[in-house]
Amino acid sequence: MPTDWRRALAIVAHPDDLEYGASAAIASWLDDGRECVYLLAGVGEAGIDTLSPAEAGPLREREQRASAAAVGVATVEFLGHPDGVIEYGTALRRDFAAAIRRHRPELVLTLNHHDTWGGTYWNTPDHRNVGRAVLDAVGDAGNRWIFPDLAEEGLVPWDGVRYVAVAGSPQPTHAVDASSGLERAVASLLCHRTYIEALTKEDPETYCRTFLEGSMRGVAARFGGRPGVAFELFSR
């Protein structure tokens, strides 16, 4: 992965999206003195079958803030889009472009925008729509004639994004040696305990460690034997 950047903005759909792998890379970046802000399109209120959205939403927001803190991320923002039905369109692009202008990152991180996770394992509409809107919003953020009302609100164009890194892509091109961030990544994913306990009967810590270690070992096979986090990287 390129290292000629300092500020990152991670934009995903739901709580836990960043914790299934990317957070290990984020932890290692923070160790190097870089900065990262999390922006979530929604709070994942429809993600736990045993809890109503009114109960799950605030709980998942709290768990996400704790999860970010576990890797050292201090700023987590939520846009409030409804879980499960996040729509691709100009409203979503505008929200993301505004955040990019406000935070002025050189690297934008998002989650898999492709139709599948590889093979026939279908991706969710929220992931697809958010990921694609992020890719488009990076261009929108730098164009003063797109969403000109943002400039009127003080959010001047930002054309400084050099890279968009897509985690969980079935078409990875780059990887980060994230072994130093593994323990914090496990702790970060474990913060989503309520969600995990509804997802599996396995011990939550065992589940988190097994998933993340397995994922990083899978990357190591193509990364000189080093445990890593893979990304599909778009350069600008």
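It should be emphasised that the depicted structure is a prediction, and the values quoted were computed from it without experimental measurement.
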For this session: Could you walk me through whether His114 and Glu232 pass the side chain to side chain donor-acceptor pair (under 3.5 Å) test, one step at a time?
Result: CA-CA 11 Å; His114 296 288; Glu232 181 178 7; 2.7 Å; yes

May I ask you to say whether [X] pairs ionically with [Y], meaning some side-chain N is under 4.0 Å from a carboxylate O?
X	Y	result
Arg94	Asp140	no
Asp83	Arg60	no
Arg132	Asp115	yes
Glu35	Arg7	no
Asp32	Arg6	no
Glu183	Arg209	yes

If two hydrophobic side chains count as joined below 4.5 Å and joins carry through other members, does [X] share a cluster with [Y]?
X	Y	result
Leu9	Val164	yes
Leu189	Leu18	no
Leu40	Ile86	no
Val71	Met1	yes
Phe231	Val219	no

Rounded to the nearest 0.5 Å, how far apart are [atom1] of [X] and [atom2] of [Y]?
X	Y	atom1	atom2	value
Leu107	Arg34	CG	CZ	9.0 Å
Leu135	Ile11	CG	CD1	10.0 Å
Leu59	Arg193	CG	CZ	12.5 Å
Phe78	Arg65	CZ	CZ	5.0 Å
Asp16	Leu199	CG	CG	8.5 Å
Arg101	Trp158	CZ	CH2	12.5 Å

Would you check if the side chain of [X] reaches a backbone N or O of [Y] as a donor-acceptor pair within less than 3.5 Å?
X	Y	answer
Ser169	Val166	no
Thr173	Leu233	yes
Arg226	Ala220	no

Problem set entry | Heavy atoms of other groups near Arg222 CZ, more than 12 under 6.0 Å | no

Problem set entry | Flag if over 12 foreign heavy atoms under 6.0 Å of CG, Asp49 | no

Side chains of [X] and [Y]: do they bring a donor and an acceptor to under 3.5 Å?
X	Y	value
Ser188	Ser67	yes
Glu77	His103	yes
Asp126	His81	no

Exercise. When the ring centroid of Trp117 is compared with that of His127, is the distance short of 6.0 Å?
Worked result: yes

Exercise. How about Phe234 and Tyr163: are their ring centres within less than 6.0 Å of each other?
Worked result: no

Check [X] against [Y] and note the closest heavy-atom contact, atom names and distance.
X	Y	answer
Pro204	Glu197	CG-CG, 3.9 Å
Tyr207	Ile196	CD2-CG2, 3.6 Å
Leu92	Ala133	CD2-CB, 3.6 Å
Ala22	Val229	CA-CG1, 4.1 Å
Ala70	Ala187	CB-C, 4.3 Å

Would you call [X] and [Y] a side-chain contact if the rule is heavy atoms closer than 4.5 Å?
X	Y	answer
Asn123	Thr116	no
Tyr88	Asp136	yes
Arg144	Val156	no
Glu61	Pro15	no
Asn143	Pro157	no
Pro2	His174	yes
His192	Glu63	yes
Pro170	Asn112	yes

For this session: Any chance you could lay out the side chain to side chain contact (heavy atoms under 4.5 Å, CB included) test for Asp17 and Tyr38, step after step, and finish with the verdict?
Result: CA-CA 11 Å; Asp17 283 352; Tyr38 286 3; over 6 Å; no

For this session: Give the ring-plane orientation class for Trp5 versus Trp29, where under 30° counts as parallel, over 60° as perpendicular and anything between as tilted.
Result: perpendicular

For this session: Begin from the C-alpha positions of Phe96 and Leu79 and carry the test side chain to side chain contact (heavy atoms under 4.5 Å, CB included) through to its verdict.
Result: CA-CA 9 Å; Phe96 294 163; Leu79 292 174; 3.6 Å; yes

Exercise. Does the pair Glu87 and Arg93 meet the rule for a salt bridge (Lys or Arg N to Asp or Glu O under 4.0 Å), with working shown?
Worked result: CA-CA 10 Å; Glu87 296 183 3; Arg93 285 168 48 196; over 6 Å; no

Problem set entry | Residue pair Asp31, Arg184: steps toward the salt bridge (Lys or Arg N to Asp or Glu O under 4.0 Å) verdict | CA-CA 12 Å; Asp31 287 345; Arg184 279 169 288 171; 2.7 Å; yes

For this session: Quick one: do Asp95 and Leu39 satisfy side chain to side chain contact (heavy atoms under 4.5 Å, CB included)? Show the steps, please.
Result: CA-CA 10 Å; Asp95 281 349; Leu39 177 72; over 6 Å; no

For this session: With side chain to side chain contact (heavy atoms under 4.5 Å, CB included) as the test, would you mind laying out the steps for Glu213 and Leu182 before giving the verdict?
Result: CA-CA 8 Å; Glu213 288 182 347; Leu182 173 61; 3.9 Å; yes

